[in-house]
Student: 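Questions regarding the structure given below will be posed in turn.
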Amino acid sequence: MISQAAYATASAKPASAGIRQAVSRGAHLAVMGLGHAYRKSDGMVLDDINFEVRPGEVLALLGRSGCGKSTLLHMLAGLTLPSRGEVVINGNTVTEPSPKWVMMFQAPSLYPWMTVAQNAALGLRFTRRGHEIAKRVPEVLELVDLASFADRNAQELSGGQQQRVALARSLATNPEMLLLDEPFSALDAFTRRSLQRDVRAIARNLGLTLVIVTHDVSEAVRMADRVLVLDANPGRIAEDTEVALDEMQREGGCDRFNAEHVRLMDLYTRVAHGDPADASDDNEQY
Amino acid sequence: MSSMADTPSVKLALPSMGRLRGLGMGALGIAVLLGLWWLGGWAVANDPDMFAFADFAPAPTLSALWDILRSGEVFAMSGPSLYRVGAGLLIAAALGVPVGIAIGRIDWLRELTNVPFQFLRMISPLSWMPIAVMVYETWDGAIVFLIGVAAIWPILFSTAAGVRRIDPSWLKVARNLGANPIHMLFVVILPAIAVDVLTGIRLALGVAWVVLVPAEYLGVTSGLGYAINDARDTLDYARLAAVVVVIGAIGFALDYACAALIKRFNWVRDSAH
Ligand SMILES: Nc1ncnc2c1ncn2[C@@H]1O[C@H](COP(=O)(O)OP(=O)(O)OP(=O)(O)O)[C@@H](O)[C@H]1O
Ligand SMILES: [Mg+2]
């Protein structure tokens, strides 16, 4: 068969690179003058957002509830189009969603009538790469430690396992960037910690760019290379700071970790409970 | 929206009794029904005014039933009826499912159609009879139309309600992973609403089966409704009661088959979380 031969040559490169090394290089992300209002009559939810993310960087968006983090992430994914400004990925303006940058939600959002493997295969199926399913799906399930669950119904898994399946599903198409919207907040502390560690490790091994939305300061400290703290009403970037910790220190329990945690918590508290007068000054256009 | 369309599909699945217990209770229920029937027949037979109707009792009815079963007449009677109900349901589903999906997905369409659809739904299907007879050249066509008119609403509303219950993030995930509209329909939407559609069809079948018999009282010379009318005209009450039993039995079997299909396609599992 022709397709088989073509497949063999096409898959030669990634296969030799191995799944735990950089199969895909991360996306470069630039956000320029981004603003959004859901309705013309409403105020801006987000305003004047500018930032850039290097390929392979892990960025956390930290902000209190309702400041527009999910809105921003939807626009990065191309699931919502901004009313102002643009999102540029690898030099191209985003106008629609793409399996090259995959968003994950707080709920795993698996399809309950499918097995774990069928869920993980969806991206390949949708993008006409069905011939890769047999090889790629076991690979990604292995990556998230769920190889033995392939034929189970998605509903038979625990919340943490389901979130791992969602991760496998997101990784199956070899994306360049993952966009995570508080994906661990519904999990118990132990599961959350292990997923935080695993997701960071997987993203770094694959060289993926990672943007993670959270309102949990320790999650930002554990996972992110850099943190943007968002102001509310309208959402703007109030702080932009690096988290200077190595992989060992990110496990916590050391002075460096505690110091970073305190520093970030301070920044976050100041922004979250900022002087209300500030916010009204910012709204001078209204 | 209509209360029947909003009934959670899960509850309509077969009750989860133990199999044996379920069978036993079913048999007991049938026995009670037969007992009441026999009592009624006995009372009628002993009443000088009603004596002529004694053939409605179980014994003559069951013997007439045995006759129409043995002679194969039962197939000749029910074949045309099943065809009419099947054709009517098929047309109702072919229209109701796509329109239901559309009004479930598109807000303005739902707002636009809500009042007219609820209005049309409340018109007894049988009141279309004179119009159907004028429009269709054959009686068969008119009956299929009436059944279609009766069956479309449960299918349409149940489908629309199912579409509205679809988790929005399922659609977002599919869009994100590169699904085209065909994928969206066949991989996400239809499996997600399969149980709602089947539940609608089950309700529609119930309505269609009810509408069928009076519709067949008119014009046609075949079918279960005609058989009842014919038996009445020839004063063959045992045969009339036997046809009634056949109608009940087929209706029960069809409903049971729908329930089994619903159970088969119901993806909701009992889960601990
Ligand atoms: N679909 C929508 N239509 C109109 N307004 C919306 C919509 N989605 C969000 N909003 C509004 O936009 C603002 C930001 O919402 P968003 O969901 O982005 O916040 P968030 O930072 O993710 O909050 P949380 O931490 O609670 O998830 C809120 O005021 C919300 O009411
Ligand atoms: Mg949110």
Side-chain angles (χ1 to χ4, degrees), chain A residues 70 73-74 76-80 94 96-115 118-130 152-162 165-166 169-175 177-179 181 183 186-188, chain B residues 8-13 16 97 101 104-105 107-108 111 158-159 161-200 260-273:
Chain A
S70 297
L73 215 60
H74 276 78
L76 300 187
L79 288 165
T80 305
V94 172
E96 57 180 11
S98 155
K100 288 186 193 154
W101 34 91
V102 182
M103 183 153 169
M104 280 176 64
F105 306 91
Q106 182 171 352
S109 308
L110 302 179
Y111 299 94
W113 55 87
M114 293 182 184
T115 65
Q118 285 169 334
N119 268 287
L122 271 177
L124 294 171
R125 190 169 160 193
F126 290 156
T127 51
R128 298 172 184 282
R129 290 159 65 186
R152 293 273 205 100
N153 178 276
Q155 292 169 88
E156 291 168 16
L157 273 60
S158 73
Q161 289 168 333
Q162 290 192 18
V165 178
R169 177 174 67 186
S170 310
L171 291 171
T173 47
N174 290 307
M177 177 163 71
L178 289 186
L179 304 160
D181 193 355
L187 306 175
D188 68 273
Chain B
S9 48
V10 195
K11 282 192 189 147
L12 282 159
S16 59
V97 172
I101 291 177
R105 292 275 285 155
D107 286 339
W108 65 262
E111 287 160 24
S158 182
T159 302
V163 169
R164 295 198 67 193
R165 274 199 303 270
I166 292 179
D167 184 341
S169 63
W170 289 346
L171 302 174
K172 279 190 219 166
V173 166
R175 221 147 64 80
N176 197 163
L177 294 177
N180 62 31
I182 304 281
H183 288 137
M184 208 61 132
L185 183 64
F186 287 100
V187 183
V188 183
I189 295 177
L190 285 179
I193 63 170
V195 168
D196 301 277
V197 172
L198 288 172
T199 302
L261 270 182
I262 290 172
K263 197 175 176 191
R264 157 78 183 72
F265 279 95
N266 192 357
W267 41 259
V268 178
R269 306 280 174 91
D270 296 327
S271 73
H273 48 86

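In what follows, chains carry the letters A, B, and so on, assigned in the order in which the sequence lines appear, proteins first and then strands, with residues in each chain numbered from 1.
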Student: Within a strict 4.5 Å, meaning less than it, do heavy atoms of the B:H183 and A:R125 side chains meet?
Tutor: no

Student: Measure distances from A:L124 to the heavy atoms of chain B and classify the residue's part below 4.5 Å as side chain, backbone, both or neither.
Tutor: neither

Student: Nearest 0.5 Å please: distance from the CG atom of A:L122 over to the CG atom of B:N176.
Tutor: 12.0 Å

Student: Considering only heavy atoms from C-beta outward, does the side chain of A:Q118 approach that of B:V187 to under 4.5 Å?
Tutor: no

Student: Under a 3.5 Å distance rule, please check whether A:Y111 uses its side chain to pair with a backbone N or O of B:W170 as donor and acceptor.
Tutor: yes

Student: Is the CZ atom of A:R129 crowded by more than 12 outside heavy atoms at less than 6.0 Å?
Tutor: yes

Student: How far apart are the closest heavy atoms of A:R128 and B:N180, and which atoms are they?
Tutor: NH2-ND2, 4.4 Å

Student: Side chain to side chain contact (heavy atoms under 4.5 Å, CB included) between A:N153 and B:W267: does it pass, once the steps are laid out?
Tutor: CA-CA 9 Å; A:N153 178 276; B:W267 41 259; 5.8 Å; no

Student: Sort B:A194 into side chain, backbone, both or neither according to what part of it lies under 4.5 angstrom from a heavy atom of chain A.
Tutor: neither

Student: Kindly list each side-chain donor-acceptor pair under 3.5 angstrom involving residues 96-104 of chain A, sequence neighbours excluded, with atom names and distances?
Tutor:
residue: A:S98; atom: OG; partner: A:K100; partner atom: N; Å: 2.9

Student: Which heavy-atom pair separates A:T127 from B:L177 by the least distance, and what is that distance?
Tutor: CG2-O, 3.7 Å

Student: Checking B:R175 now: which residues fulfil salt bridge (Lys or Arg N to Asp or Glu O under 4.0 Å) with it, not counting sequence neighbours?
Tutor: none

